[in-house]
Structure formats: structure tokens, C-alpha cells
> 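The structure's right below; bear with me while I get my questions together.
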Amino acid sequence: MARTVSRRAEEIGRDLRFFAQAERLMPLAYRLALEEPRTAHGRVLVAGSLSKAQGRHHRSWVAEPGGLWLALSLYDDHLTPTRSLFPLL
């Protein structure tokens, strides 16, 4: 039986960008969302390694080559009822 894929699922990863090395992905995702808002929803940024990885409360962490380091851009208007739960993913 064939499954129907929702339109929102088709948007995730439509704009996929790979960086061999980056400082941090979240500031880059934010900047790209401002510069290219029409393609921001569902954009995935992937890096081979991160040189200045930073988590919650500005805690530094190691993001060496061989891991999966990514940032996903989603617009709030698509996730309004559940947006507060998304960081838990």
C-alpha cells in the first residue's frame, strides 16, 4: 500500500547545504533565513565538523569529523501549537 507524504514533509531537506567545516550552524541558519527567506522553511545545514560548537547556556562541546552536525530551519507559523517542544528533539 502506498503512503501519502504530506506537503510539509516534502519541504524538509528541499534546500540541503553541506559545509566541510563551520564554526557554528545555528547562527549560519539564522543569517541564511534572513537573506533567503523564501527557501528557509525546511532548510537543512550539515557540517563535517564544527570549530566553535556551542549548546544551551553557551556551553562549548566537541564536534569533530565523523559526527552528524546539522541545523534545521522551520518557520513558527508551521509549528505554532508545538514550537515549545521542538528543542527537545
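Worth knowing before you read on, the calculation uses all heavy atoms, side chains too, and leaves out hydrogens, waters and symmetry mates. This is a predicted model, so every value here is computed, not measured. Position 1 is the first residue of the sequence; numbering continues from there.
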> For the side chain of W69 and the backbone of L45, is there at least one donor-acceptor N/O pair under 3.5 Å apart?
no
> Can you tell me how far apart CG (L16) and CZ (R43) are? Round to the nearest 0.5 Å.
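Answer for the CG-CZ pair, L16 versus R43, is 11.0 Å.
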> Could you list the donor-acceptor pairs under 3.5 angstrom formed by side chains in residues 22-33, with sequence neighbours left out?
{"from": "R24", "atom 1": "NH1", "to": "Q54", "atom 2": "OE1", "distance (Å)": "3.3"}
{"from": "R24", "atom 1": "NH2", "to": "Q54", "atom 2": "OE1", "distance (Å)": "3.3"}
{"from": "R31", "atom 1": "NE", "to": "E35", "atom 2": "OE2", "distance (Å)": "3.2"}

> Hydrophobic clusters here meaning ILVMFWY residues chained together by side-chain heavy-atom distances under 4.5 Å, can you tell me if I12 and L68 are in one?
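Linked within one cluster.
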> Between side-chain atoms of residues 46-53 and protein atoms elsewhere (two or more places apart, or another chain), which donor-acceptor pairs fall under 3.5 Å?
{"from": "S51", "atom 1": "OG", "to": "Q21", "atom 2": "NE2", "distance (Å)": "3.1"}

